[in-house]
Amino acid sequence: MTLQDKQIVSYHEAGHALVGMKLEAASKVQKVTIIPRGNAGGYTIMTPKDESNFSSKEDLYASITGYLGGRAAEQIMFGKSKITTGAHDDLDKATSIAKRMVTSFGMSSLGLTKYITMNDDAYGQTKGSYSDDVAAKIDAEISKMLDKCFEKAIEIITANKAELELIAESLRVLETITAEQIDYIDKEMKLPKEVLEEKERHAREEEKRAKGEILEIEPDKNVEESSKDDKDSSEK
C-alpha cells in the first residue's frame, strides 16, 4: 500500500467508525483496520448494541448512513473530484438496504405495498411484477433515501472533523485500532497512549537512521540472481 493509499483508506475507515459512534441507532464499532483484505483496502467491524430479531426503520437508516460514512469522509478531506472507488462495496450494501425498505418493508413514501413478494425472495428475484412507472418510482425513492443518509454522514463528519483526524492518524500509526482505543478518542479527544508510544518509537528509529546508526542492508542482486538460476536449473 502506498502512502497516498494509506492516507485515503485511513480517512475512509475513520469515516465509517465516526458515523457509527455518533448515531444512537448504529451498531457498536469493535475494530477498525487499514490492513487490506481481499479487494478491500481496510474494514470496520461493527456489532449490534443489543440482540434483537428485528430492525427498526431508524436502525436501517443508521446502517445506510454508516456505509456511506467512508465516501463522505473522502469527499470532505479530498474534495468531490478526488473521491475513489473504495466505496463500491459500501454503495452496494447501502443500496440493497434501501431497496428492501422500499420494496419489502413498506418503509417509504410509496406506502405499505410489498413490491417483491416472498416467492420472489425465495427464487432470488430482485425485481417484482410491477410496471415501468412503478419501477421508476422505486428507483427515485431509493435514490432519495441514499441522498438523505449521505447528507447525514456529511453533517456528522463535518461537525466532528477533529475526531476524524485523530481516528485516521491512529490508523496510520497502528494500522488496527480496537473498541477501547476508539472509545478513548471519543471521550478524551486525544490520541491513545499506544499511538503516542508507537510514534515515539518510530521517531527514535528515524533519528538513528539519520545518524547512520541503523544500516539498511540492500539484498545482493547478484546473489539473488545466482540463487534463482540455481533453482531454475534444479527444476529443469
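Heavy-atom basis, side chains included; hydrogens, waters and symmetry copies ignored.
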### Step-by-step side chain to side chain contact (heavy atoms under 4.5 Å, CB included) determination, Met21 to Asn160
CA-CA 11 Å; Met21 286 189 293; Asn160 298 277; over 6 Å; no

Sidechain-backbone polar pair: [X] side chain, [Y] backbone, donor-acceptor under 3.5 Å:
| X | Y | value |
| --- | --- | --- |
| Ser143 | Asp139 | no |
| Thr158 | Glu155 | no |
| Arg71 | Thr84 | yes |

### Query
Partners of Asp133 by salt bridge (charged side-chain N to carboxylate O under 4.0 Å, His left out), sequence neighbours excluded?
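Here the qualifying residues are Lys137.
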
### Task
Using the test salt bridge (charged side-chain N to carboxylate O under 4.0 Å, His left out), find all partners of Glu74 that sit at least two apart in sequence or belong to another chain.
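If we apply the salt bridge (charged side-chain N to carboxylate O under 4.0 Å, His left out) test to Glu74, skipping adjacent residues, there are no hits.
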
Side-chain touch [X]/[Y], heavy atoms, less than 4.5 angstrom:
| X | Y | value |
| --- | --- | --- |
| Met77 | Lys82 | no |
| His202 | Glu206 | yes |
| Tyr43 | His16 | no |
| Ser170 | Ile185 | yes |
| Lys6 | Ile34 | yes |
| Phe150 | Gln75 | yes |
| Glu141 | Ser109 | yes |
| His12 | Asp90 | yes |

### Query
Are Asp59 and Lys49 within salt-bridge range, i.e. N to O under 4.0 Å?
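Lys49 and Asp59: not salt-bridged.
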
Minimum heavy-atom distance between [X] and [Y], given as atom pair plus value:
| X | Y | result |
| --- | --- | --- |
| Tyr115 | Leu110 | OH-O, 3.8 Å |
| Ile154 | Ile76 | O-CD1, 3.7 Å |
| Met107 | Ser56 | CE-C, 4.4 Å |
| Val19 | Gly69 | CG2-CA, 4.0 Å |
| Val32 | Val29 | CG2-CG1, 3.7 Å |
| Gly15 | Leu164 | N-CD1, 3.6 Å |

Rounded to the nearest 0.5 Å, what's the gap from [atom1] on [X] to [atom2] on [Y]? Could you check?
| X | Y | atom1 | atom2 | result |
| --- | --- | --- | --- | --- |
| Leu91 | Ser96 | CG | OG | 12.5 Å |
| Thr95 | Leu146 | OG1 | CG | 4.5 Å |
| Leu171 | Thr44 | CG | OG1 | 8.0 Å |
| Asp92 | Ile97 | CG | CD1 | 10.0 Å |
| Ile177 | Tyr184 | CD1 | OH | 13.5 Å |
| Glu197 | Leu174 | CD | CG | 9.5 Å |

Joint cluster assignment, [X] & [Y], ILVMFWY side-chain distance < 4.5 Å:
| X | Y | value |
| --- | --- | --- |
| Ile83 | Ile64 | no |
| Met46 | Ile35 | no |
| Met189 | Ile182 | yes |
| Leu68 | Ile45 | no |

### Task
Evaluate the side chain to side chain contact (heavy atoms under 4.5 Å, CB included) criterion for residues Tyr130 and Thr113: first the C-alpha distance (whole Å), next the side-chain angles of each, then the deciding distance (0.1 Å), finally the verdict.
CA-CA 11 Å; Tyr130 42 76; Thr113 301; over 6 Å; no

### Message
If the condition is side-chain hydrogen bond (donor to acceptor under 3.5 Å, both in side chains), which residues does Glu175 pass it with, not counting sequence neighbours?
### Response
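Partners of Glu175 by the side-chain hydrogen bond (donor to acceptor under 3.5 Å, both in side chains) criterion come out as none, since no residue qualifies.
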
### Query
Can a cation-pi geometry be assigned to Lys57 and Phe105, taking NZ or CZ under 6.0 Å from the six-membered ring centre and within 45° of the ring axis?
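Ring-cation test returns no.
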
### Task
Verify side chain to side chain contact (heavy atoms under 4.5 Å, CB included) between Lys28 and Asp183, making sure each step is shown before the conclusion.
CA-CA 10 Å; Lys28 180 174 176 55; Asp183 288 341; 3.3 Å; yes

### Task
Tell me yes or no: between the side chains of Thr33 and Glu13, is some donor less than 3.5 Å from an acceptor?
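No pair is found: no donor N or O on one side chain lies under 3.5 Å from an acceptor on the other.
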
### Check: Glu180/Thr178 side-chain N/O donor and acceptor closer than 3.5 Å
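Yes.
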
### Task
In sequence, state the C-alpha distance, the side-chain angles, and the governing distance for Glu207 and Lys211, and then conclude on salt bridge (Lys or Arg N to Asp or Glu O under 4.0 Å).
CA-CA 6 Å; Glu207 186 178 352; Lys211 293 178 180 179; 3.3 Å; yes

### Glu58 atom CD, over 12 foreign heavy atoms within 6.0 Å
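Not more than 12 within 6.0 Å, no.
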
### Greater than 12 external heavy atoms within 6.0 Å of Gln4's CD
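Not buried by this count: 12 neighbours or fewer within 6.0 Å.
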
### Message
side chain to side chain contact (heavy atoms under 4.5 Å, CB included) for Lys22 and Asp186? Distances and angles first, verdict last.
### Response
CA-CA 9 Å; Lys22 299 303 178 182; Asp186 189 41; 2.9 Å; yes

### From CA spacing to verdict: salt bridge (Lys or Arg N to Asp or Glu O under 4.0 Å), Glu198, Arg201
CA-CA 5 Å; Glu198 181 61 21; Arg201 186 191 68 78; 2.6 Å; yes

